[in-house]
Amino acid sequence: MEESQQMMIKEGIIEYMKTKTGVERTVDEIKLYVEQHKVRIDKGSSALRSALFSLKKENPALINVRRGVYVWKEENVKEKDNTVSKYDFSDFITISNLRKRENNLVISIFQDGTFSLNSSLLQYLPERKVEIKLKQDCSQLAIIKKGNMKIDLGKNGRIKNYDIVKRLEKQKKIFPIYYVGSWDEQEEIWIGNLTTNNPNKRNVRRKKNIK
């Protein structure tokens with residue numbers, strides 16, 4: 001998931017929750033507002049839940065009162081000082097001290113049957129056994145930590161799986177294929193969207209041979 005989309009979703013959540021503080025809002029209500037005023041969220045995507053989970057850590061005003069229900073309480077925010085400023089930063093997001101580039105959570109699939117999870121995604125799966133689900137049109141792939149029909153991913157998260165290759169070929173997908181998504185902490189599920197480019201690979205300009 002792109003960082004710009006995540007930021008727009010967070011802005012939409014804050015904007016909506018602050019329209020009536022202290023009023024309970026469901027995830028569906030929040031999603032409807034975000035899609036109408038900020039950005040469209042793909043069906044089946046965990047982008048909204050990830051944004052809510054992240055925002056809950058960043059801002060104590062957002063409270064998860066029960067499953068799927070949130071409320072905004074300004075009184076939970078501690079005042080750092082009593083100085084009144086002429087600037088209002090309530091709609092700003094504090095930039096963290098991030099010195100390393102964050103890698104996207106990616107699964108790579110190659111025509112030889114190689115099915116590989118990158119290290120950023122593997123950190124959420126210490127047992128390396130998950131259920132794998134593929135959408136019928138192959139547009140999305142899901143990794144379910146607490147699934148029923150589990151597959152052993154091996155120590156390095158790199159295995160051979162010809163079933164998924166066969167299904168991708170049937171849909172005339174071009175290899176290599178990448179699924180990029182985010183981890184849902186509450187559901188312990190990763191859902192990735194299909195792309196033909198690995199977002200973690202930087203474009204390197206090749207030097208022309210000088211004769």
Side-chain angles (χ1 to χ4, degrees), residues 1-7 9 27 31 39-54 57 67 98-209:
M1 180 176 51
E2 296 181 358
E3 291 181 9
S4 58
Q5 184 197 33
Q6 184 82 169
M7 188 175 294
I9 292 174
V27 171
K31 181 182 179 183
V39 63
R40 182 180 174 277
I41 301 171
D42 293 334
K43 187 177 180 181
S45 170
S46 61
L48 180 63
R49 290 189 179 277
S50 296
L52 282 164
F53 182 80
S54 176
K57 285 183 175 181
R67 186 179 177 84
L98 185 62
R99 302 192 179 191
K100 281 180 130 184
R101 184 182 178 185
E102 286 188 341
N103 280 336
N104 292 279
L105 309 184
V106 179
I107 288 180
S108 307
I109 303 171
F110 300 90
Q111 202 156 15
D112 67 354
T114 300
F115 182 93
S116 177
L117 286 73
N118 73 342
S119 57
S120 297
L121 179 53
L122 278 175
Q123 67 180 340
Y124 295 101
L125 306 166
E127 294 182 4
R128 302 291 195 267
K129 291 182 180 180
V130 298
E131 182 174 358
I132 302 172
K133 285 187 177 291
L134 181 68
K135 205 167 184 178
Q136 289 188 16
D137 63 0
C138 300
S139 62
Q140 289 184 309
L141 181 74
I143 295 293
I144 306 170
K145 189 174 181 179
K146 296 180 180 178
N148 297 317
M149 298 178 65
K150 292 187 177 182
I151 291 176
D152 192 336
L153 299 173
K155 184 179 178 181
N156 299 318
R158 189 180 182 92
I159 59 172
K160 292 282 187 178
N161 189 295
Y162 297 101
D163 182 33
I164 194 167
V165 170
K166 179 180 69 176
R167 295 176 188 280
L168 288 165
E169 287 177 334
K170 188 177 180 180
Q171 292 292 328
K172 300 187 181 338
K173 301 302 180 184
I174 300 172
F175 294 86
I177 287 169
Y178 305 96
Y179 286 93
V180 184
S182 58
W183 182 258
D184 189 320
E185 289 284 356
Q186 291 182 333
E187 300 287 340
E188 292 191 300
I189 291 173
W190 173 90
I191 296 179
N193 297 309
L194 184 146
T195 177
T196 54
N197 297 310
N198 187 341
N200 293 330
K201 284 191 176 181
R202 300 177 183 177
N203 292 326
V204 179
R205 292 182 179 178
R206 294 181 180 177
K207 294 181 179 180
K208 292 182 179 180
N209 293 327

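For clarity, every value in this text was computed on a predicted model and none was experimentally measured.
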**OP:** Could you check R67 against E187 for salt bridge (charged side-chain N to carboxylate O under 4.0 Å, His left out), going step by step and ending with a plain yes or no?
**Re:** CA-CA 11 Å; R67 186 179 177 84; E187 300 287 340; 2.6 Å; yes
Original post:
For N198 and N118, what are the C-alpha separation, side-chain angles and deciding distance, and is it a side-chain contact (heavy atoms from CB on, under 4.5 Å)?
Top reply: CA-CA 11 Å; N198 187 341; N118 73 342; over 6 Å; no
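Between V165 and F175, some side-chain heavy-atom pair lies under the 4.5 Å cut-off. Side-chain contact check for I143 versus Y179: every heavy-atom pair is 4.5 Å or farther apart. When side chains are defined from C-beta on, D42 counts as touching R40, because their heavy atoms get closer than 4.5 Å. At least one side-chain heavy atom of T114 sits under 4.5 Å from a side-chain heavy atom of K160. A 4.5 Å side-chain heavy-atom check between I164 and L141 finds at least one atom pair inside the cut-off.
No donor-acceptor contact under 3.5 angstrom links the side chains of S108 and S116, judged on distance only. There is no side-chain donor-acceptor pair under 3.5 Å between T195 and N197.
In this structure, W183 and Y124 have parallel ring planes: the angle between them is below the 30° cut-off, well short of the 60° mark.
To the nearest 0.5 Å, atoms CZ (R128) and CG (L122) are separated by 4.5 Å. Rounding to the nearest 0.5 angstrom, the gap separating the NZ atom in K173 from the CD atom in Q111 is 14.0 Å. Atom-to-atom distance recorded for W190:CH2 and I132:CD1 is 10.0 Å, nearest 0.5 angstrom. Put simply, CG on D184 and NZ on K145 are 12.0 Å apart, with the number rounded to the nearest 0.5 Å. Interatomic distance, L168 CG to C138 SG, rounded to the nearest 0.5 Å: 4.5 Å. Rounding to the nearest 0.5 angstrom, the gap separating the CD atom in E169 from the CD1 atom in I177 is 9.0 Å.
K129 approaches K150 most closely through the heavy-atom pair O-CD, 3.8 Å.
Each of L194, L121, V180 was evaluated against I107; a single residue qualifies, L121, per the side-chain contact (heavy atoms from CB on, under 4.5 Å) test. With L134 as the partner, the side-chain contact (heavy atoms from CB on, under 4.5 Å) test is satisfied by one option alone out of Q140, R167, Q171: R167.
Residue K133 places its NZ atom among 12 or fewer non-hydrogen atoms of other residues, nucleotides or ligands, all under 6.0 Å distant.
Under the 3.5 Å distance criterion, the side-chain polar atoms of N200 are matched with a main-chain donor or acceptor of N104.
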